[in-house]
Student: 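First, the structure itself, so that you have it in front of you.
So that the names make sense, note that chain A is the first sequence line, chain B the second, and so on, each numbered from 1. From a predicted model like this one, the values you see are computed outputs, not experimental measurements. All values below come from the heavy atoms of this structure, side chains included, with hydrogens, waters and symmetry mates left out.
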Number of protein chains: 2
Amino acid sequence: MQTSNNISPSLTRADTVFIDLRQRIVEGDVQTGSKLSEPELSKYYEISRSTLRDALSRLEGCGLLERKANIGYRVVTLSTEKLLEIFRVRESLEGMACRLAAQNMSVKQIADLKYLLDVHNKHESLQQGEAYIQQEGDVDFHFRIVMGSGNKLLIRLLCEELYYLVRMYRYQFGMASPRAKKAFSEHHHIIQAIEDRDGELAEILMRRHISASRKNVEKRMNTL
Amino acid sequence: MQTSNNISPSLTRADTVFIDLRQRIVEGDVQTGSKLSEPELSKYYEISRSTLRDALSRLEGCGLLERKANIGYRVVTLSTEKLLEIFRVRESLEGMACRLAAQNMSVKQIADLKYLLDVHNKHESLQQGEAYIQQEGDVDFHFRIVMGSGNKLLIRLLCEELYYLVRMYRYQFGMASPRAKKAFSEHHHIIQAIEDRDGELAEILMRRHISASRKNVEKRMNTL
DNA sequence: AATTGTTTTATTGTCGACAGTTTTAGCTTG
DNA sequence: CAAGCTAAAACTGTCGACAATAAAACAATT
């Protein structure tokens, strides 16, 4: 007898496996490109194959797994080319999100975001080289702006599909970019545009911000 | 014994049901907002619930179905608000696709697209009011530009996830827009920019083109 | 020894049945 | 008659087993 918590949407077994596997894939605990054996995984999680397949199909929807008929699921492989493709999509989608955020974010949301940026700024000043915190701060910043757009489709595409891939690249490609200082300054300019309700400028700044990261990767790729 | 065609990727039962249901949902044969009974549907298709659920989970990935734990799948509901959200996402993504297409489309691809546009233009001149052909022509035009971008992620997001929703709105909202003439002219300008390899202009023109459609819907919404 | 063809093994696709939850129907009570 | 509780029906979540397909191991031939 499973006394389900009636308040929150009851978590099914497939849900928990989906969430756990997602994290393991993102963090590289399950290697990129590796084939997922359904019998093996279902034994590992002590669930049936049906339940596992439910979880796997959802991971495919996140773009973390690929499936071939009669062959099975594989973890996606990472490549610089794919990373650059993601940057192009983020540039366009987050640019639009930023434009809409300038229209739709509440005064309180904007204030909270400014506060968040200050906190991270101090962290960065005090304990130099804490790349981890800086990364999480960056993720949080972009996340909040997308949420602030108020466009549910945009939110779904970015937060539920693309961002897990983005985090996967961060974990496994180790993007400790040397753009920390610049990124902070760019974030501040973006918030300013949002606060001024200048959607057009906000979009341009966000696109430049992401485009700069992309060019950074392209430059590093060419020097190798 | 099923002599599977070894050349093409063998179609599984779940595949065929997925494709058939997708069309029925897009064309409104399965009503929006209606709940899908798994026992009923599996009986209809003469397959087991497991196979059906495989198909349903993929339809959820396309954004055509919504799922709640312990309750089941429903066909998504359509609304003007959601349609406007789609336009915003298309504006940003297809704008980027058009920019990349200007860089990456081959000379032959561009020539084919110009030819396609001419054919549809003649059709439109001859048999006035053939909204259907005009619609399909529009879909094809946008589709080819996205393909021409060469960005696989962009292609997946637009062609495999968003465009079925777009077609669903066209079928069920009956968007016989009065923008036929203008749209043709805009398409021509876009191709010209692509031919000139002017990515920046191509993006701007595509965004205006889609933005104009959005504003058209907004205007119609306000007059009701 | 390498390669092709065959057999065996393992894996995915599909099925039907049971368990737990939600919804519906019916009954009781104020 | 309405409201609330209870019991029954229906549905989704989960399970284990069989069928069809792909991968691996092995044998045979050149």
Side-chain angles (χ1 to χ4, degrees), chain A residues 1-22 25 30-62 64-77, chain B residues 1-22 25 30-62 64-77:
Chain A
M1 186 178 68
Q2 181 179 328
T3 64
S4 74
N5 184 345
N6 283 342
I7 300 172
S8 68
S10 54
L11 271 193
T12 171
R13 252 169 267 247
D15 284 325
T16 59
V17 171
F18 165 66
I19 293 171
D20 185 76
L21 246 180
R22 183 175 63 189
I25 292 171
V30 181
Q31 201 161 13
T32 58
S34 64
K35 183 171 178 321
L36 300 186
S37 161
E38 295 180 7
E40 192 179 321
L41 263 182
S42 58
K43 211 180 292 177
Y44 174 85
Y45 281 111
E46 294 178 323
I47 57 176
S48 73
R49 272 184 59 220
S50 314
T51 306
L52 176 71
R53 281 161 71 86
D54 191 348
L56 295 184
S57 73
R58 274 186 263 176
L59 287 168
E60 186 189 11
C62 294
L64 298 180
L65 297 183
E66 287 171 348
R67 182 187 187 184
K68 280 184 187 170
N70 292 314
I71 291 182
Y73 291 93
R74 299 193 89 88
V75 180
V76 294
T77 58
Chain B
M1 187 177 72
Q2 181 179 326
T3 63
S4 74
N5 184 347
N6 283 341
I7 299 172
S8 69
S10 55
L11 273 192
T12 170
R13 252 169 269 246
D15 284 324
T16 59
V17 171
F18 165 67
I19 293 172
D20 186 76
L21 246 181
R22 183 176 62 189
I25 292 171
V30 181
Q31 201 160 14
T32 59
S34 63
K35 184 172 178 319
L36 300 186
S37 162
E38 296 181 6
E40 191 179 322
L41 262 182
S42 58
K43 210 179 292 176
Y44 174 86
Y45 281 111
E46 295 180 321
I47 57 175
S48 74
R49 271 184 59 222
S50 314
T51 306
L52 176 71
R53 281 162 71 86
D54 190 347
L56 295 183
S57 72
R58 274 187 263 175
L59 287 168
E60 187 189 9
C62 294
L64 298 180
L65 297 184
E66 287 171 347
R67 182 187 187 183
K68 280 184 186 170
N70 290 314
I71 292 182
Y73 291 93
R74 298 194 89 89
V75 179
V76 293
T77 59

Student: Going by the rule side-chain hydrogen bond (donor to acceptor under 3.5 Å, both in side chains), which residues pair with A:Ser34 if we only count those two or more places apart in sequence or in a different chain?
Tutor: none
Student: Using a cut-off of 4.0 Å on non-hydrogen atoms, how would the nucleic acid contact of B:Thr51 be classed: base, sugar-phosphate, or nothing?
Tutor: sugar-phosphate
Student: The side chain of A:Arg53 is closest to which nucleotide in this list: C:dT14, D:dA22, C:dT21?
Tutor: C:dT14
Student: Return the value, rounded to whole Å, for the distance between atom NZ of B:Lys68 and atom C1' of D:dG13.
Tutor: 18 Å
Student: Specify the residue among B:Ser50 and B:Ser37 whose closest nucleotide of DNA chain D lies further upstream toward the 5′ end.
Tutor: B:Ser37
Student: Could you check how far OH of B:Tyr73 sits from P of D:dA10, rounded to whole Å?
Tutor: 23 Å
Student: B:Ile25 and side-chain contact (heavy atoms from CB on, under 4.5 Å): which partner among B:Val76, B:Thr32, B:Val30?
Tutor: B:Val30
Student: Give the stems involving DNA chain D, where a stem is 3 or more consecutive Watson-Crick or G-U wobble pairs (i with j, i+1 with j-1, and so on) under 3.5 Å.
Tutor: C:1-30 with D:1-30
Student: Please give me every residue in residues 39-49 of chain B whose heavy atoms get under 4.0 Å of an atom in DNA chain C, ordered by residue number.
Tutor: B:Ile47, B:Ser48, B:Arg49
Student: Can you pull out every salt bridge (Lys or Arg N to Asp or Glu O under 4.0 Å) where at least one residue sits in residues 38-50 of chain A? Sequence neighbours excluded, please.
Tutor: A:Glu38-A:Arg49, A:Glu38-A:Arg53
Student: What nucleotide, of D:dT12, C:dG13, D:dA23, holds the atom closest to the side chain of A:Ile71?
Tutor: D:dA23
Student: List in chain and number order the residues that pass side-chain hydrogen bond (donor to acceptor under 3.5 Å, both in side chains) with B:Ser42, two or more places apart in sequence or in another chain; answer none if no residue qualifies.
Tutor: none
Student: Could you work out, with side-chain hydrogen bond (donor to acceptor under 3.5 Å, both in side chains) as the rule, every residue matching A:Ser48, not counting sequence neighbours?
Tutor: A:Thr51
Student: Counting heavy atoms from C-beta on, name the nucleotide in D:dG13, D:dT14, D:dC11 closest to the side chain of A:Arg13.
Tutor: D:dT14
Student: At less than 4.0 Å, is any side-chain N or O atom of A:Lys35 found next to OP1 or OP2 of C:dT11? Yes or no.
Tutor: no
Student: Among C:dC15, C:dG13, D:dC11, which nucleotide has an atom closest to any side-chain atom of A:Glu38?
Tutor: C:dG13
Student: With heavy atoms under 4.0 Å as the rule, sort A:Leu52 into base, sugar-phosphate or nothing.
Tutor: nothing
Student: Mark yes or no for whether A:Arg67, through its side chain, and A:Tyr73, through its backbone, hold a donor-acceptor pair below 3.5 Å.
Tutor: no
Student: As a test of reading the structure: which of C:dG13, C:dT11, C:dT21 is closest to the side chain of B:Asn70, going by heavy atoms?
Tutor: C:dT21
